[in-house]
Amino acid sequence: MNTINKISRYLSGHRIQLAVVLCLFGLCVAQSRKVAKDRHRPKTDERVYLKHADMLRFNQYGEHAGAQILNGNVAFLHKGALLTCDSAYFYQESNSFKAFGHVKMRQGDTLSLTSDYAFYDGDNQMAEARHNVLLRHRGTKLYTDSLNYDRLYNIGYFFEGGKMVDRNNVLVSDWGEYDTETRKAVFNYNVNLRNPKFTLTTDTLHYDTRTSLANIVGPSVIRSKESVIHTSDGYYNTNTGRARLYGRSTMSNKGKEITGDSLFYDEKRGISQGYRNVIYKDTQKKNELHCNYLWYNEKNGFAFATENPVMMEYSQKDTLFVHSDTIKVITYHLNTDSVYRTAHCYNKVRAFRNDVQAVCDSLVYNTKDSCMTMYRDPIAWSGDRQLLGEEIQVFMKDSTIDRAHIINQALTAELMPDKDHYQQLSSKEMFAYFTKGQITQTEAIGNVRSIYYPVDDKDSTLMGLVYIETDTMKMFMRDRQLQKIWTSKTDGTWYPMTQIPPERYKLDGFTWFDYIRPINKDDIYEWRGKKDGTQLKNITRHAAPLQHIEGGELKSVAATENKPEN
C-alpha cells in the first residue's frame, strides 16, 4: 500500500511538473515571435546620461527607492539619441528610466518617437512606449497605443493594434513591426490597407515603404472601384498599380473573371497576363476560355490565348467546346452601343457540342452578324449529316444555328438508317436553313448532282436510288425526313436497289469522315487530318491581271511581259 501511494505521489508530482513545463513552453513560443531578437542580445556598457532637469530629488527609502525623481524639461542622452519628457524616474544602477508626459525620443534627423509614457532600458537599448504613441520615420508615420522600439536592431513593433500612414496608403492591423533600417514593415491579423484607388484586406502583409510594394503572403482580397482580386501569394505596387500574383489567384471586373496559377496585372495599361491553368469567364455572355497562357487588354478588349486554349459557350442548354492552337479576340467600338467582337481560332480547329461538331484549319466568329466562318477543308456534322466545302459560313440566332452557307466544292451527305447507304448532294455552293436547330430546307446552286433513296412509308425499306444532275435544286424536309424536291431542267435516273451500278453509290469527292469527327468534349484535343487523296481539289480561280504604272500609263503585267524586245 505504501508503494502504491509513493507511485501515486510520484506521478502526481510529475503531472504538475509537466503542466508547468507545457505552460512555460507555450509562453516561450508566444513571446518568441514578438521578441525573438532579444535572444543573445549584446548589452552596452554605455551609460544613460541625464542632460537636464528643472528639479531633482532622491529618496533612498521612499516609494520609488533607488530612483532619482526628475521634474520639468527632463532630457536624457544615450548612444546618439535624445529623450525628453515632463518628469521621470531615473534608475542609475540599472541604467534605465521611466518617462512621463510629452515623452519624445529623437534619433538623428529621420526618426522620432512620442508617447504619454515610456520605459527605456539603456543596457538593452529598448524603449517601451505606451499611450498615444507616434513613430515618425522619414515620410512614414506609425500610430499605436503600445510600441516597443528596439534601437539595437532598429525595429519597432506593436501588439495591441496600430496604423501606419505612408504616402497615399493607410495600413491597419492588430500586430506588426517596422524596420527603420530597411524601411520594411510586417503586419499580422486583420490587416487592412486603404488607398484612394483600392482597399486590401488580409491576415499577413509585408510592406516596403521605399517602393510602396505590398507583399501578400496569406489569403487576401484587393477591391477597387470596378475590380476585385483574390490571392494568397503575390506582390502589389501601390504606386504603379502593377500586381504579380501567384498561388491560384483570381481577378474580376464587370462580370469578367480571370483565374490562373500566376497572374500579372498592369492597372495603368489595363493589361492582364495569366500563366498555367488559366480560366477566363464572362458571366454575362456565358462563355469561358481555358488555356495555359492568356494576354488581355481591358482598354481595347484584345485577348490572345495559346498553349492548349479551349473556348466554351454555354448560353444554351448544351455547351459548345472549341479548341485550336491559338485563339485571338478583337473588340471593335469598345464602350459604345455598337460594340462587337471577332474571335479568331487558327491551326487545327476542333469543335464539339452534342448536336453539332466541326473540324477545320481556321475559324472566325463575328458577333456583329453572329456569323462563324470555317476555312481550309472545313467539315461539320449534325446527327447523321455531314457537310463540307472550301468554306462554310454558319449564322446563329439566339445562340442557335439559323442558316449555313457552303462555298465552293460543297457536298452534304446523310447516313441512312440502315447505316449502309448515304444521301448525297454536291454543288458549287449550297445553303441550308434551320428552324429550332432542325434543318428544314437545302438549296444547291451550280453543277448540282444528287443521290437520294426514296423510302417506303410502310416498312421503311429503300425503294431504289435516284441520281439527278441539274443547275439548281431545293430540298424541303420535316423532322429530318425529305418531303419535296424542286429542280430546274432535271436530268435524272431511277435505279432499283438490285440494279444500282457500283459507280453510282458515291458522288465524286465523297468520303465519310467518321474517323475525323470529334466524339466528345475531350476528343477535341487530338488532331486527326484527312487521309491522303481525300482532300479537296485545289481549284485555281480566275483573277484579274496585276497592273502597274509605266511612264505615266497604266499597263497590265501580262502585256508588259509579252512585249517584244527592240
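All heavy atoms count here, side chains included; hydrogens, waters and symmetry mates do not.
In this structure, Lys531 satisfies the cation-pi test against Tyr515, with its NZ or CZ atom closer than 6.0 Å to the six-membered ring centre and inside 45 degrees of the ring normal.
The aromatic rings of Phe431 and Tyr433 sit parallel, their planes meeting at an angle under 30°, below the 60° perpendicular limit. Ring geometry for Tyr236 against Phe198 counts as perpendicular: the plane angle is over 60°, on a 0 to 90° scale with 30° as the lower cut. Aromatic ring orientation, His323 versus Tyr525: tilted (interplanar angle from 30° to 60°).
Nearest approach of Pro309 to Ile327, heavy atoms of both residues: CB-CD1, 3.8 Å. Summarising the geometry of Ser324 relative to Cys345, their closest heavy-atom pair is OG-CB, 3.5 Å, with the distance given to 0.1 Å. Gly464 approaches Tyr453 most closely through the heavy-atom pair O-CD2, 3.2 Å. Listed here is the closest heavy atom pair of Leu425 and Ala444: CD2-CB, 4.0 Å. Between Tyr340 and Asn366, the shortest heavy-atom distance links the atoms CD1-OD1, 3.5 Å. Across Phe302 and Asn300, no two heavy atoms sit closer than the pair N-OD1, 3.0 Å.
Side-chain atoms of Ser382 never come within 3.5 Å of backbone atoms of Arg385 as a donor-acceptor pair (strictly under, hydrogens ignored). Counting only distance, with no hydrogens or angles, the side chain of Lys530 and the backbone of Ile516 share no donor-acceptor pair below 3.5 Å. Counting only distance, with no hydrogens or angles, the side chain of Glu503 and the backbone of Pro501 share no donor-acceptor pair below 3.5 Å. A donor-acceptor pair under 3.5 Å is formed between the side chain of Gln424 and the backbone N or O of Tyr505. At least one donor-acceptor pair under 3.5 Å links the side chain of Asp203 to the backbone N or O of Asn190. Between the side chain of Asn292 and the main chain of Asn277, a donor-acceptor pair closer than 3.5 Å is present. The closest donor-acceptor contact from the side chain of Asn408 to the backbone of Glu390 lies at 3.5 Å or more, if one exists at all. Between the side chain of Gln423 and the backbone N or O of Met416 there is no donor-acceptor pair closer than 3.5 Å. Judged purely by atom type and a 3.5 angstrom limit, Gln284 has no side-chain atom pairing as donor or acceptor with the backbone of Gly255. Side-chain N or O atoms of Thr238 include one that pairs as donor or acceptor with a backbone N or O of Ser212 at under 3.5 Å.
To the nearest 0.5 Å, the span separating CG on Asn520 from CG on Asn354 amounts to 9.5 Å. A distance of 14.5 Å separates CZ in Arg504 from CD in Gln499, rounded to the nearest 0.5 Å. Separation of atoms OH (Tyr452) and CD1 (Ile485) is listed at 4.0 Å; rounding is to 0.5 Å. Atom NE2 in His230 sits 11.5 Å away from atom CG in Leu245 (nearest 0.5 Å). From Tyr275, atom OH reaches atom CH2 of Trp295 across 11.0 Å, with rounding to the nearest 0.5 Å. Here the CD1 atom belonging to Ile445 is positioned 11.5 Å from the OG1 atom belonging to Thr470, to the nearest 0.5 angstrom.
Asp459 CG: more than 12 foreign heavy atoms inside a 6.0 Å radius. Within a 6.0 Å radius of CZ in Arg167, other residues, nucleotides and ligands contribute more than 12 heavy atoms. Crowding of Asp457 atom CG: a count of heavy atoms from other residues, nucleotides or ligands under 6.0 Å not exceeding 12. Tyr246 OH: more than 12 foreign heavy atoms inside a 6.0 Å radius.
A salt bridge links Arg528 with Asp523: the distance from a Lys NZ or Arg NE/NH1/NH2 to an Asp or Glu carboxylate oxygen falls below 4.0 Å. Ion pairing of Glu469 with Arg449 is absent here, as no side-chain N (NZ or NE/NH1/NH2) approaches a carboxylate O to less than 4.0 Å. With salt bridges taken as basic N to acidic carboxylate O contacts below 4.0 Å, none links Asp456 and Lys458. Electrostatic pairing of Asp402 and Lys397 does not count as a salt bridge here, judged by no charged N lying under 4.0 Å from a carboxylate O.
Within the 4.5 Å cutoff, the side chain of Met312 has heavy atoms near those of the His290 side chain. Side-chain contact between Val466 and Ile451 is absent, with no heavy atoms from C-beta onward closer than 4.5 Å. His333 has its side chain out of reach of Lys368: every pair of non-hydrogen atoms, C-beta onward, lies at least 4.5 Å apart. Proximity of Thr373 to Leu363: side-chain heavy atoms (C-beta onward) are nowhere separated by under 4.5 Å. Glu313 is not listed as a side-chain neighbour of Val322, based on a closest heavy-atom distance of 4.5 Å or more. Counting heavy atoms from C-beta on, the side chains of Gln393 and Ile407 come closer than 4.5 Å. Using a 4.5 Å heavy-atom threshold, the side chains of Val329 and Tyr296 count as separate. Contact annotation: the side chain of Met311 never approaches that of Tyr365 to less than 4.5 Å [non-hydrogen atoms, C-beta and beyond].
Here the options are Val165, Asn195, Leu200, Leu193, the test is side chain to side chain contact (heavy atoms under 4.5 Å, CB included), and the partner is Leu171; only Leu193 passes. Residue Tyr265 forms a side chain to side chain donor-acceptor pair (under 3.5 Å) with just one option from Glu298, Arg242, Arg244, and that option is Glu298. Each of Met430, Met473, Glu443 was compared with Val448 under the side chain to side chain contact (heavy atoms under 4.5 Å, CB included) criterion, and only Met473 meets it.
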Verdict with reasoning, Lys521 to Thr319, per side chain to side chain contact (heavy atoms under 4.5 Å, CB included): CA-CA 9 Å; Lys521 65 181 180 64; Thr319 302; over 6 Å; no

Derivation of the side chain to side chain contact (heavy atoms under 4.5 Å, CB included) call for Arg269 and Lys299: CA-CA 8 Å; Arg269 298 171 61 197; Lys299 292 190 175 182; 5.6 Å; no

Criterion side-chain hydrogen bond (donor to acceptor under 3.5 Å, both in side chains) on Arg517 and Gln357, from CA distance to verdict: CA-CA 7 Å; Arg517 184 177 189 174; Gln357 302 84 42; 2.8 Å; yes

Stepwise side chain to side chain contact (heavy atoms under 4.5 Å, CB included) test for Tyr375 and Tyr346: CA-CA 9 Å; Tyr375 300 95; Tyr346 46 94; over 6 Å; no

Test log, rule side chain to side chain contact (heavy atoms under 4.5 Å, CB included), inputs Asp418 and Leu462: CA-CA 9 Å; Asp418 65 357; Leu462 304 183; 3.4 Å; yes

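For the residue pair Arg341 and Thr331, a side-chain donor N or O sits within less than 3.5 Å of a side-chain acceptor on the partner.
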